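What you are looking at is a predicted structure, and each value in this text was computed from that prediction instead of being measured. Reminder, nothing fancy here: chain letters follow the sequence lines and each chain counts from 1.
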Amino acid sequence: MKALTLYNTRTRSKEVFEPATPGVVGMYTCGPTVYAPQHLGNLRSQLFADLLKRTFLYEGYKVTHVINITDVGHLTDDADAGDDKMEAAAKTSGQTAQEVAALYTKQWADDRERVGCLPPEFLPRATEHITEQIELAQKLEQGGYTYLTSDGLYFDTAKFPGYSDFAGLDLEAQQSAGRVAEVDEKRNPADFALWKVAPEGVKRQQEWDSPWGRGFPGWHLECSAMSVKYLGENFDVHTGGIDHVSVHHTNEVAQSECGLGVHPWVRYWLHNEFLSLDKEKMSKSKGHVFVLDGLVEMGFAPLSYRYFFLQAHYRQQQRYSQEAMEAADTGYKRLCRQVIEVRDAPGEPDAEKLAPFQARFRDALHDDLNAPRAVAVAWDVAKNKELSAAGKRALFLEFDAVLGLDFANVELPEETQESDPRIDALVQARQEARAGKDFTESDRIRDELLAEGIVIDDTPEGPRWRRE
RNA sequence: GGUGGCGUAGCCAAGUGGUUAGGCAAGGGCCUGCAAAGCCCCGAACCCCGGUUCGAAUCCGGGCGCCACCUCCA
């Protein structure tokens, strides 16, 4: 059995996972900015974090999982200009920032639950941790890592020699390309705001007093302040989308290592690749809002999306298409049918026969969470002719602790049988024709109904009809 | 301009030197009066050109194509 190995962005290599404290894992996941619905790509990040958490639990670790809710301070524009997303959303919707946050936080949590993500142990909100954020900014100020501009307190990246190490950035080259807009008062384009002072005469919905004036915290600060509050100044795992590596997480590392005097601040950094939609990135700003409810409206079960997620490795871009989603949906349902078949099987499983499957399953997960291989093992169980029903039952339920596909309870919904006197009568007439072997007549009735989009299926329990 | 990644059979997607990944679709079969659903069976693929090697999808070099991040984004 190989040890659990994970790809650590910090070291750019696969490493054997060993938590700081044996048997206990602290992990932090970058959560949503709750100003808009979360799309399927966002959900992929949550599914990835959940896969990781479930793997830790499967390995017997006690896990403390923290996910933040960003409800302030995330600017709409480049590094440090533009409006705050929450303020902007409140303005356009006519609601308060708090109402906007509450709405999208709930939607996000519901989506997570529907795709089988375990709830985090802590779900801290940025607005409820302003004090902690100010304290961290003060530590940085006292350490000489900051400077003031007319609009706030900034982190001086030049004071942190290792700034570019985390993401392997070539700051010189980036500057020469001129893609990062210069902000006049910033000493270096990479410098970022720790605290933004509200401009004179502007009244924000969300603002607080601070040593630097009334205003609001910079986006990056909350993750450092809150993760440390709940997990300690050193912790094991930090996850997020790959887009966060070069800016958000680079800045988190800078402010945390400088402010707390620790290195490395986080032992393992794990990042998931993006979900791509028809070869175009799914992002809110490009208008491709594609959400879980959209899949549900198309008739997919939320867990079919989880199954879809599990079919690709988390560090690989995954291509979404209707066809691929339908393939996942069909595959998931078929696998469930196999599970349901053995779910109530009596008797005890034969441990010796189970072992090879368990080993392959764990080996797959231990190899940087290779979920596609783990799912393949589940299929091998389903197709295997040597295993007893009780053995299959035991394996399915064990694997589901990680897969999270609800094998223990899932039911395949029966086609809902509508009732319509006219159609029911025609179906009944067809049954009578069939009983009398008058198949010409029975087929005529079926064709008649088919012409209006109604399909008759003959089942062992009798005929059913449905609208196509 | 910098950085990271990808190119595997109709589709999605594992696989890092030699052994069947897996799923979906298609095809064949069972079942059915016929269908549908369900179940069973079934695919010798690896962008191109060189090289290393007994042997390469897998390593090295070159080329072509595609994507992502560096700017709000998971």
Roughly, in whole Å, what's the span from [atom1] in [X] to [atom2] in [N]?
X	N	atom1	atom2	result
A:Phe300	B:C12	CZ	P	16 Å
A:Gln318	B:A14	CD	P	8 Å
A:Arg319	B:G5	CZ	C1'	13 Å
A:Gln311	B:C24	CD	P	9 Å

Point to revise | Modelled atom types, side-chain donor and acceptor of A:His366 and A:Asp363, under 3.5 Å | key: no

Check your understanding: Is a side-chain donor-acceptor pair under 3.5 Å present for A:Asp71 with A:Tyr104?
Key -> no

From the options [options], select the nucleotide whose nearest atom is closest to the side chain of [X].
X	options	result
A:Leu275	B:A74, B:G33, B:C12	B:A74
A:Pro372	B:A14, B:A74, B:G23	B:A14
A:Gln317	B:G4, B:G22, B:A13	B:G4
A:Glu323	B:G10, B:G22, B:A74	B:G10
A:Phe274	B:G23, B:G5, B:C69	B:C69

Review point. Any side-chain N or O of A:Arg373 less than 4.0 Å from the OP1 or OP2 oxygen of B:A21?
Key: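 No, A:Arg373 has no side-chain N/O under 4.0 Å of OP1/OP2 on B:A21.
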
For [N] versus [M], give the span between their [atom1] atoms, rounded off to a whole number of Å.
N	M	atom1	result
B:A9	B:G15	C1'	15 Å
B:G43	B:A25	C1'	12 Å
B:U58	B:C67	P	24 Å
B:A74	B:C59	P	33 Å
B:G1	B:G63	P	15 Å
B:G50	B:A14	C1'	28 Å
B:U52	B:G61	C1'	11 Å

Revision key, fill the gap. Ranking A:Thr440 and A:Gly31 by the position along RNA chain B of their nearest nucleotide, the one closer to 5' is A:Thr440

Exercise for review: List the protein contact pattern of nucleotides 35-43 of chain B with one symbol per nucleotide (5' to 3'): B for base contact, S for sugar-phosphate-only contact, - for none; contact means a heavy-atom distance under 4.0 Å.
Suggested key: BB-SSSS--

When all nucleic acid strands are considered with a 4.0 Å heavy-atom cut-off, which category describes [X]: base, sugar-phosphate, or nothing?
X	result
A:Glu273	base
A:His313	sugar-phosphate
A:Trp108	nothing
A:Asp329	nothing

**Study point:** Heavy-atom check, side chain of A:Trp108 versus side chain of A:Pro37, under 4.5 Å
**Key:** no

Review point. Considering only heavy atoms from C-beta outward, does the side chain of A:His248 approach that of A:Trp219 to under 4.5 Å?
Key: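 With C-beta onward as the side chain, the pair touches.
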
Point to revise | Main-chain N/O of A:Asp457 paired to A:Arg464 side chain as donor or acceptor, under 3.5 Å | key: no

Review point. Counting distance only, does the side-chain N/O of A:Glu257 pair as donor-acceptor with the main-chain N or O of A:Trp265 below 3.5 Å?
Key: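 Between the backbone of A:Trp265 and the side chain of A:Glu257 there is a qualifying donor-acceptor contact (under 3.5 Å).
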
**Study point:** Single hit among A:Asn188, A:Asn251, A:Thr250, A:Thr157 for side chain to side chain donor-acceptor pair (under 3.5 Å) with A:Tyr163
**Key:**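 The side chain to side chain donor-acceptor pair (under 3.5 Å) with A:Tyr163 is passed solely by A:Asn251 among A:Asn188, A:Asn251, A:Thr250, A:Thr157.
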
Review point. Hey, does the side-chain of A:Asp443 have a donor or acceptor N/O within less than 3.5 Å of a partner on the base of B:G33?
Key: yes

Review point. Using centres under 5.5 Å plus planes under 30 degrees as the test, is A:Trp379 stacked with B:G22?
Key: no

Point to revise | Qualifying residue for side chain to side chain contact (heavy atoms under 4.5 Å, CB included) with A:Trp465, from A:Ile454, A:Leu426, A:Leu449 | key: A:Ile454

